[in-house]
Amino acid sequence: MDKLTILREKFGYSSFRPGQEEVIDSILEGTDALAVMPTGAGKSLCYQIPALILEGMTIVISPLISLMKDQVNALKTAGCGAAFLNSSLNGSEYARTMNQIMSGKIKLLYIAPERLQREDMSEFSANSIPLVVVDEAHCVSQWGHDFRTSYLQIARFIRSIDPRPVVAAFTATATMNVRDDIRKLLALRAPLCVNTGFDRPNLYFEVQKPKDKKTALLECLEKRKDTSGIIYCATRKTVDETCRLLASRGFNATRYHAGLDDGERRTNQDDFIYDRKTVMVATNAFGMGIDKSNVSFVIHYNMPKNIESYYQEAGRAGRDGSPADCVLLYNGQDVRINQYLITHDEDGEAANEKLQAHNLELLKQMTFYAAGNDCLRKRLLGYFGEKTSSSCGNCSNCLTEFKEIDVTVPAQKIVSCVYRLKQRGRSFGKTMIIDILRGSKNEKIRRFGFDTLSTYAIMADTSAQRIRLILDCLIDKGILLLEEGEYPVVTLGNAEDLFREEERVLMKLPEEREKAAPEKTSQQKYEKILDIQNAPGIKTSQDSGAKSSVTQNMSDDIDNDLLGKLKKLRKEIAAKESVPSYIVFTDASLRDMCRKKPVSLVQFSGVNGVGSVKLEKYGEIFTDLIREHCGE
Ligand code: ADP
Ligand code: MG
């Protein structure tokens, strides 16, 4: 069979995605390949199709056990001979797999890198090995975020195979350092390098700067009830606390981190993959190799330490191309914690000053993403060296109107407040300053007698959130200083100019809700309100209006009733076959069914993701349901 027939027959897709065909052709011609493609772009097909065409058995080196099980499941469901060797197999399973290998039935063999030294390749000698695939190839590089020593053995393993097979490396990590390392450390020979571009148009990016992350998280989840998603936290402790919080609020959540024993980790991961639990709360230990395609949101409760990690983790949403959300809950604390972690690295990396400086620089880039006002997608892609238009229209910054505003007067008020406090011989953190300016009646303020300050309540009609934004801007500009300590306090910086007439302070702020706009129609006013609610700087409890309209745009009038029925049927089948739902069909396939409403097998074969095996296996039962739904 040729590549296009396999694509259609085995995988049920009508056409290749960008980059796939080049990589397949290169491998088939005997040229090494290095493919850099974002998560969800379809890297697996790039080597699975050649593996099915080439004589012999392809070896796929892949870092995580869960991934292998998944991929092998998916391949078997599509009717392809595949197996894996890793530490999860018991003696008899291992023997059975070896038998299958010897008999030449296996076209794709997945192996964990740790096993390369152990497996005796001469045992496979019944098979020729035309192709070695290195998935998640960035693991070979120290500059990457998932370095694994076992990956350094791969080059030697390849050398041990005679004749030398074609080598194809795949990763979603695009930075130069990492790419160079892959080429060198895997000893690729004049590889074809494919870089498809990093944009994932179906992902919506959002940054929130909430005062209280817990509340913000609960609001986020409330909006996304019944959909599946991941919440990443920086520490095991935060994972445990957050998971407990969610459970107490009735969310169907489970957790994953390296502190749990193997058994619980596996159970929890399976619960999530098989949709028995809808929310996974985890550290970054979770996810690499999780190919669950129906993850419809990824929320970062803490900011990761660099953009690469963020994009990789966030990219686990929407793998099947359906619209999905990536939300970062950010506050300044995140930066300080990461700084601490980088400079106090326990692995002894701290000793490597060059690496540390490099990591601090990466953290700075991440902070710009979180704190900035410009298009989030532009920032992300810019980091990977891609130029884009200045506004993507599908991120929280693009959907928020920012205006350059003269904030000289409020700035003077804030600085005066800090000055008055200093006159009384005290410095305080941001919250106290904001409370004084807004005229809070809290106990501490009365105890200190701050309600008698001349600056007390002079900004009573400005939201705390907005005062905080201006305060941060003043710190940014050096007009105020944030003195680090056990409790960071705000002190005076270069503030004299502010009180001379000529010094104006300009900053970009999300537009504040207007109190009255008599000249506008009510519809315009309504749109305005929706806009404002989207501003990350402004705290409202409502749903973000513009966001849901984007999702609607992308999901083009799906028959939700039918979608629900299809999902239920899929779940029943998956349970019967003991595979995750998305192995039966991805969400994208079900959506396509809702769009095309196929009532015959011929029509069904035209659905995205329906190949000949799935057509035969599921065609009847699904078209029956669709026919019934359409009232025939
Ligand atoms: P990656 O490894 O690059 O993150 P995968 O190989 O897991 O991505 O593929 C992501 C999803 O895209 C899978 O559900 C896969 O079946 C689907 N896919 C891959 N290639 C195509 C294609 N040509 N057309 C439609 N869907 C595709
Ligand atoms: Mg992959």
Side-chain angles (χ1 to χ4, degrees), residues 3-25 33-52 60-78 80 82 84 108 110 133-139 146 168-174 194-203 273 287-296 298 311-322 324 570 579-592 606-611 613-614:
K3 60 185 182 205
L4 209 61
T5 317
I6 294 181
L7 180 74
R8 292 188 179 140
E9 289 278 307
K10 296 278 183 193
F11 296 97
Y13 300 128
S14 52
S15 57
F16 285 110
R17 287 194 182 151
Q20 287 180 328
E21 208 168 359
E22 286 98 305
V23 178
I24 292 171
D25 288 345
L34 168 55
V36 183
M37 296 158 93
T39 315
K43 291 187 280 294
S44 319
L45 274 192
C46 296
Y47 59 81
Q48 287 167 346
I49 290 182
L52 295 174
V60 183
I61 299 162
S62 160
L64 277 191
I65 294 175
S66 55
L67 170 104
M68 298 185 196
K69 207 168 94 188
D70 237 46
Q71 296 246 340
V72 168
N73 262 337
L75 283 165
K76 283 187 181 160
T77 313
C80 309
F84 59 83
L108 278 124
Y110 286 75
V133 174
V134 186
D135 204 5
E136 314 286 354
H138 59 274
C139 293
D146 293 308
F170 295 86
T171 180
T173 299
V194 173
N195 190 335
T196 55
F198 266 65
D199 193 19
R200 303 269 311 276
N202 61 316
L203 298 184
I273 287 176
M288 188 167 60
I290 302 296
D291 273 4
K292 184 174 165 66
S293 67
N294 63 336
V295 174
S296 64
V298 171
Y311 202 57
Q312 181 106 12
E313 286 158 19
R316 294 187 178 123
R319 290 181 82 112
D320 66 356
S322 306
R570 175 179 69 174
V579 294
S581 297
Y582 61 89
I583 296 283
V584 177
F585 280 122
T586 62
D587 280 9
S589 291
L590 297 191
R591 278 213 171 76
D592 205 34
V607 170
N608 210 338
V610 176
V613 175
K614 288 192 181 178

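Remember, it's 1-based here, ligands and their atoms both numbered in the order they're listed. What you are looking at is a predicted structure, and each value in this text was computed from that prediction instead of being measured. Atoms considered below: every heavy atom in the structure, side chains included; atoms not considered: hydrogens, waters and symmetry mates.
- Distances below 4.0 Å separate heavy atoms of Leu45 from the following atoms of ligand 1: 19 (C), 20 (N), 21 (C).
- Scanning for salt bridge (charged side-chain N to carboxylate O under 4.0 Å, His left out) contacts around Asp135 gives an empty result, with sequence neighbours left out.
- The nearest protein atom to atom 9 (O) of ligand 1, hydrogens excluded, is given as Gly42 CA, 3.5 Å; this is a heavy-atom distance.
- Residues Glu136 and Ser62 form no side-chain contact, since every pair of their non-hydrogen atoms from C-beta on lies 4.5 Å or further apart.
- Taking atom 20 (N) of ligand 1 as the reference point, the nearest protein heavy-atom neighbour is Gln20 NE2, 2.9 Å.
- Of all protein heavy atoms, the one lying nearest to atom 12 (O) of ligand 1 is Arg17 NH1, 3.1 Å.
- In terms of polar-atom proximity, defined here as any N/O pair under 3.5 Å, Leu7 makes no such contact with ligand 1.
- Scanning the protein for heavy atoms near atom 14 (O) of ligand 1, the closest one is Thr586 CG2, 3.9 Å.
- Counting the atoms of ligand 1 from 1 in the order shown, those under 4.0 Å from a heavy atom of Arg319 are 1 (P), 2 (O), 4 (O), 7 (O), 8 (O), 10 (C), 11 (C).
- Between Arg570 and Asp587, at least one side-chain nitrogen of the basic residue sits less than 4.0 Å from a carboxylate oxygen of the acidic one, meeting the salt-bridge criterion.
- Between the Asn202 side chain and the Gly318 main chain, a donor and an acceptor come within less than 3.5 Å of each other.
- With 3.5 Å as the limit, one finds no donor-acceptor pair spanning the side chains of Asp70 and Tyr110.
- When atom types are taken as modelled, the side chain of Arg200 and the backbone of Gly315 share a donor-acceptor pair closer than 3.5 angstrom.
- Of the protein's non-hydrogen atoms, the one nearest atom 10 (C) of ligand 1 is Gly40 O, 3.7 Å.
- Relative to atom 13 (C) of ligand 1, the option among Phe16, Phe170, Tyr13 with the closest non-hydrogen atom is Tyr13.
- Ligand-side atoms of ligand 1 in range of Thr39: 4 (O), range being under 4.0 angstrom from any heavy atom.
- The backbone of Pro38, and not its side chain, has at least one atom closer than 4.0 Å to an atom of ligand 1 (non-hydrogen atoms only; backbone = N, CA, C, O).
- Distances from ligand 1 to the non-hydrogen atoms of Gly315 include no value under 4.0 Å.
- Between the side chain of Ser589 and the backbone N or O of Phe585, no donor-acceptor pair lies under 3.5 Å.
- Remark: Glu313 pairs with no residue by the salt bridge (charged side-chain N to carboxylate O under 4.0 Å, His left out) rule, at least two apart or across chains.
- Residue contacts with ligand 1 for Ser15 involve N, CA, C or O but no side-chain atom from C-beta outward (heavy atoms, distance under 4.0 Å).
- A donor and an acceptor atom, one from each side chain of Arg8 and Ser14, are nowhere located under 3.5 Å apart.
- Evaluated for a side-chain hydrogen bond (donor to acceptor under 3.5 Å, both in side chains) with Thr171, the options His138, Lys43, Gln312 yield exactly one hit, His138.
- Counting heavy atoms closer than 4.0 Å to ligand 1, residue Met37 contributes nothing at all.
- Close approach to Ser44 involves these atoms of ligand 1, each under 4.0 Å from a residue heavy atom: 2 (O), 5 (P), 6 (O), 7 (O).
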